[in-house]
Amino acid sequence: MENHEIEWKEEQQRVDGVTKLLSAHIRRLSEELGLHRSDVVDMRKDFWEEVTVNFSSPDDLGETSTSLRQQSQILNERERHHLQSSKALKKYKKLLVSPYFGRIDFTEAPNGETEKIYLGIGSLMEDDGTFLIYDWRAPISSLYYDGAPGPAAYETPGGLVSGTMNLKRQFVIYDGVIEVMFDTGVTIGDELLQQVLSHSADDRMKSIVATIQKEQNAIIRNDKSRMLVVQGAAGSGKTSAALQRVAYLLYKYREVLQADQMLLFSPNPLFNSYVSTVLPELGEENMQQTTFQMYLEHRLGHEFQLEDVFSQTENLLNAPDGPDVGIRREGIAYKSSVPFLDVIRRYATMLEHEGMLFKPLMFQGRAIVSKEEMERHFYTYDPTIKLANRVDLMTRWLLKKIADFSHEERNASWVEDQIELLDSSDYHRAYQMLRRKKKATQDSFDDFDTEKEVLSRYVVSQRLKPLRGWTKRGRFVDVKGLYSTLFTDRELMERLNGINSLPEIWDEICEQTLKSIAVNELAYEDATPFLYLKELSQGFRTNTLIRHVIVDEVQDYSPFQLEFMRRLFPRAKMTVLGDLNQAIYAQGEVLGDLSSLVSIYGEENTEVISLTRSYRSTFEIVEFTRSMIPGGERIVPFNRRGEEPQLSVVSSEDELLNAVEMDIRNLQSKGYHYVAVICKTAEESARVHDELHSRLPVRLVTKETPNFQKGTLVLPAYLAKGVEFDAVIIYDGSAERYGRETERKLFYTACTRAMHLLHIFSLGEPNRFLPSVKAKTMIANSL
């Protein structure tokens with residue numbers, strides 16, 4: 001028997017022993033959980049029978065309190081134990097399917113014994129404390145990802161541990177059977193990556209712990225930088241690495257960091273669904289997930305009809321070339337920039353001394369406090385008091401004004417009319433209000449005068465309740481008027497803009513902006529500056545509970561938005577991931593090089609890591625797509641071979657639909673379960689879906705689509721970001737559809753979604769981003 005076969009047999013015997021132990025743990029925990037669940041249910045049911053309740057004297061009250069506390073502690077302990085056992089059971093069930101994926105043999109210097117380290121998604125120990133499996137996040141596990149056989153070292157909380165790695169072995173184990181086993185002299189062997197990457201796409205992103213590369217491991221285990229910037233090519237695994245990073249941080253800092261203290265800003269709701277299983281697969285709870293648009297809607301949706309980034313993009317892509325598009329793009333560029341951010345800051349400082357605008361406090365058509373009186377009072381405060389603090393003082397002053405008005409208004413004629421309309425429930429609430437105010441003990445009103453006074457107070461108080469709430473929220477500050485002033489007073493803007501120049505078409509930008517605001521619509525590029533001014537003038541709402549923020553597709557955010565996030569989460573570290581070649585939204589063009597993000601936290605607190613190797617697509621697809629973009633030569637394709645991308649030219653819309661239909665049927669017959677028909681816009685996607693839907697099963701993806709599903713999907717290019725498909729069909733890659741230079745990155749993004757096959761159809765002449773591709777990668781057919 002060959003040496004390899006002997007080692008395989010020995011390794012299989014070890015797997016058999018580990019799975020036997022796991023099965024025993026699973027049986028024991030399953031039985032315990034059944035008993036614990038029953039105990040908890042019984043304790044909840046009998047909780048009050050076990051508690052001595054007596055309020056007769058202070059001593060009895062203390063005894064009752066102690067009894068309640070003791071019984072609650074017992075119940076909490078049982079529930080906590082039940083939760084821990086449930087987590088352990090889930091982990092063991094996952095390990096039973098695939099106990100581990102790697103082994104390293106490490107000898108600690110100078111004269112340590114050689115230890116065999118097996119790595120899996122969770123740890124497993126024998127009863128004597130010996131590790132059978134190490135968690136992939138343990139300090140020693142970094143050797144597997146970073147090192148090669150030979151001298152090696154790893155960091156621990158106690159310092160650096162040095163020694164020699166004698167062996168690195170990789171496994172693919174399924175249902176307790178070793179399917180693949182090989183030794184490697186480098187990091188993670190190409191053989192395992194080949195196998196993983198050749199699989200079909202899925203409706204959920206998978207964990208990559210078995211195939212983490214050295215450069216990805218540097219991202220995952222970085223816990224020193226206040227801000228980690230990851231610039232990664234399409235398909236380089238930056239998002240996967242970021243999610244493993246979350247799992248690593250939750251593991252390392254499990255005593256002080258919880259999943260709900262970490263927040264992911266994702267590009268769209270579809271992406272949230274796509275990544276939702278990665279952390280649970282690793283035994284961790286999911287972090288909070290949202291989109292920046294959802295936050296804007298939460299803060300401004302009650303005041304304005306907000307445009308989202310998808311509508312903004314759709315409008316720009318569908319609009320014919322002309323002055324309006326140019327004005328819009330220049331407006332987006334300026335409002336997304338650092339100079340405009342500085343304008344808002346200077347404006348807030350100026351408002352401490354002049355120019356503050358207010359809305360009057362109105363009640364039934366009458367002004368309780370006029371905006372002129374509010375302005376006069378506002379500037380009587382000490383000029384050293386900051387703007388937001390001054391607004392807080394104004395709030396208290398206005399609430400006192402409302403209280404004085406309430407007292408005066410009780411004798412108004414309308415109040416008596418309202419009293420006549422009160423029902424019995426109103427009388428009861430008025431009586432309860434009297435008891436709270438006077439601490440009265442009587443069971444009813446003493447006389448008519450008392451009744452009238454209480455009811456009058458109740459009626460006026462209820463009618464003024466919305467106004468008090470409006471005042472407490474700082475709504476008396478006319479933020480809409482303040483923001484509009486920036487676009488009506490050119491002299492003011494030039495003064496605030498300092499040494500920077502306003503756009504040449506500033507007057508036209510102002511006209512567009514004011515036109516939207518006048519009908520209570522807020523363009524996407526205006527939402528963050530408006531909210532920032534609102535926060536500066538009414539008090540900044542910060543979230544100190546969040547300790548780590550991850551921003552995916554950071555190239556789609558403006559410098560203004562990223563600075564706003566920094567202020568919103570003052571105690572959080574940030575990990576931002578992006579690819580400038582996929583900057584398809586207008587405000588993303590302002591960001592420029594991702595290294596500019598160093599300015600947010602400072603160079604000493606920021607680290608920038610670049611990922612240049614692309615794993616998602618075949619060698620042929622990466623070679624094809626990287627020629628579309630400047631600097632594409634720096635992208636390194638992984639050597640997984642496949643079919644050449646195809647370009648097919650057709651001459652009519654009917655011919656195009658027939659060709660795409662035939663292609664989809666052919667791909668489905670070959671077993672491709674995740675096929676994307678990618679169109680340029682949502683408008684085109686809806687039209688193509690309607691045509692294809694009558695011929696074969698296809699699904700339309702819109703910005704509201706919550707889940708990524710199996711099958712053939714029709715979607716706009718900007719919604720395909722972050723996800724991948726077995727095969728991608730570009731519906732129409734013609735020069736007419738993708739003619740602007742601003743659409744180059746959109747086309748590139750669409751093409752890089754393909755894992756195995758890329759088919760491009762063109763209605764007429766192909767777009768100009770294709771000719772630079774080598775002739776051998778373009779198979780031109782005229783159908």
Side-chain angles (χ1 to χ4, degrees), residues 201-205 239 263-278 286-319 516 520-528 531 550-554 556-557 561 582 584-588 673-694 696-725 728-729 731 746 749-750 753:
D202 205 341
D203 58 356
R204 296 290 189 272
M205 181 178 282
T239 302
L263 175 64
L264 169 66
F265 278 101
S266 58
N268 52 59
L270 181 68
F271 185 83
N272 282 340
S273 166
Y274 184 60
V275 302
S276 63
T277 58
V278 174
N286 251 329
M287 61 185 147
Q288 297 189 61
Q289 295 174 223
T290 189
T291 64
F292 193 66
Q293 181 66 27
M294 290 171 67
Y295 181 75
L296 293 175
E297 291 283 356
H298 169 67
R299 293 302 316 280
L300 297 173
H302 61 285
E303 297 179 58
F304 292 96
Q305 180 67 40
L306 290 182
E307 179 187 47
D308 58 45
V309 70
F310 310 118
S311 299
Q312 180 200 66
T313 302
E314 191 76 10
N315 290 334
L316 290 172
L317 291 175
N318 286 321
S516 295
N520 280 337
E521 293 179 357
L522 208 56
Y524 183 71
E525 64 269 21
D526 283 303
T528 306
L531 183 56
I550 296 174
V551 182
D552 205 359
E553 306 291 353
V554 71
D556 294 332
Y557 291 80
Q561 291 170 328
Q582 297 182 67
I584 61 176
Y585 299 132
Q587 57 275 353
H673 300 300
Y674 293 87
V675 177
V677 179
I678 300 183
C679 302
K680 179 181 173 183
T681 65
E683 184 181 280
E684 183 182 42
S685 299
R687 177 173 54 79
V688 171
H689 172 265
D690 289 345
E691 292 287 350
L692 290 176
H693 187 60
S694 60
L696 72 171
V698 292
R699 292 191 185 93
L700 177 65
V701 174
T702 70
K703 63 184 180 182
E704 285 88 18
T705 301
N707 297 312
F708 184 63
Q709 295 181 329
K710 191 176 187 178
T712 300
L713 306 180
V714 182
L715 70 167
Y718 54 80
L719 287 182
K721 293 181 60 147
V723 296
E724 58 193 23
F725 304 90
V728 165
I729 298 170
Y731 181 75
L746 184 69
T749 300
R753 302 305 96 199

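Values below: all heavy atoms of this structure, side chains included; hydrogens, waters and symmetry mates excluded.
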Enter the distance from [X]:[atom1] to [Y]:[atom2] here, rounded to the nearest 0.5 Å.
X: L713; Y: T705; atom1: CG; atom2: OG1; answer: 8.5 Å
X: T712; Y: L692; atom1: OG1; atom2: CG; answer: 9.5 Å
X: T291; Y: Q293; atom1: OG1; atom2: CD; answer: 6.5 Å
X: D552; Y: N268; atom1: CG; atom2: CG; answer: 10.0 Å
X: D526; Y: F304; atom1: CG; atom2: CZ; answer: 9.0 Å

Listed once per pair and sorted, the salt bridge (Lys or Arg N to Asp or Glu O under 4.0 Å) pairs that draw on residues 302-315, sequence neighbours left out: E303-K534, E307-R328, D308-K703
Salt bridge (charged side-chain N to carboxylate O under 4.0 Å, His left out) involving R699 - partner list, sequence neighbours excluded: none
How would you list, by chain and number, every residue that makes a salt bridge (charged side-chain N to carboxylate O under 4.0 Å, His left out) with K680, sequence neighbours excluded? E743
Can you name the closest pair of heavy atoms from [X] and [Y] and give their distance?
X: E684; Y: C679; result: OE1-CB, 3.2 Å
X: L306; Y: A527; result: CD2-CB, 4.5 Å
X: T681; Y: L317; result: CG2-CB, 3.8 Å
X: I678; Y: P716; result: CG2-C, 4.3 Å
X: S685; Y: L715; result: OG-C, 3.2 Å
X: S266; Y: Y557; result: O-OH, 4.2 Å

List in chain and number order the residues that pass side-chain hydrogen bond (donor to acceptor under 3.5 Å, both in side chains) with E683, two or more places apart in sequence or in another chain; answer none if no residue qualifies. none
Q582: partners by side-chain hydrogen bond (donor to acceptor under 3.5 Å, both in side chains), with sequence neighbours left out: D579, R753
Over 60° means perpendicular and under 30° means parallel, so tell me whether F310 and Y585 are parallel, tilted or perpendicular. perpendicular
So do [Y] and [X] actually touch side chain to side chain, heavy atoms under 4.5 Å?
X: L522; Y: L300; value: yes
X: V275; Y: L264; value: yes
X: F265; Y: I550; value: no
X: K721; Y: F271; value: no
X: K710; Y: Y674; value: yes
X: L531; Y: L296; value: yes

Listed partners of Y295 passing ring-ring contact (aromatic ring centres under 6.0 Å, His included), at least two apart: none
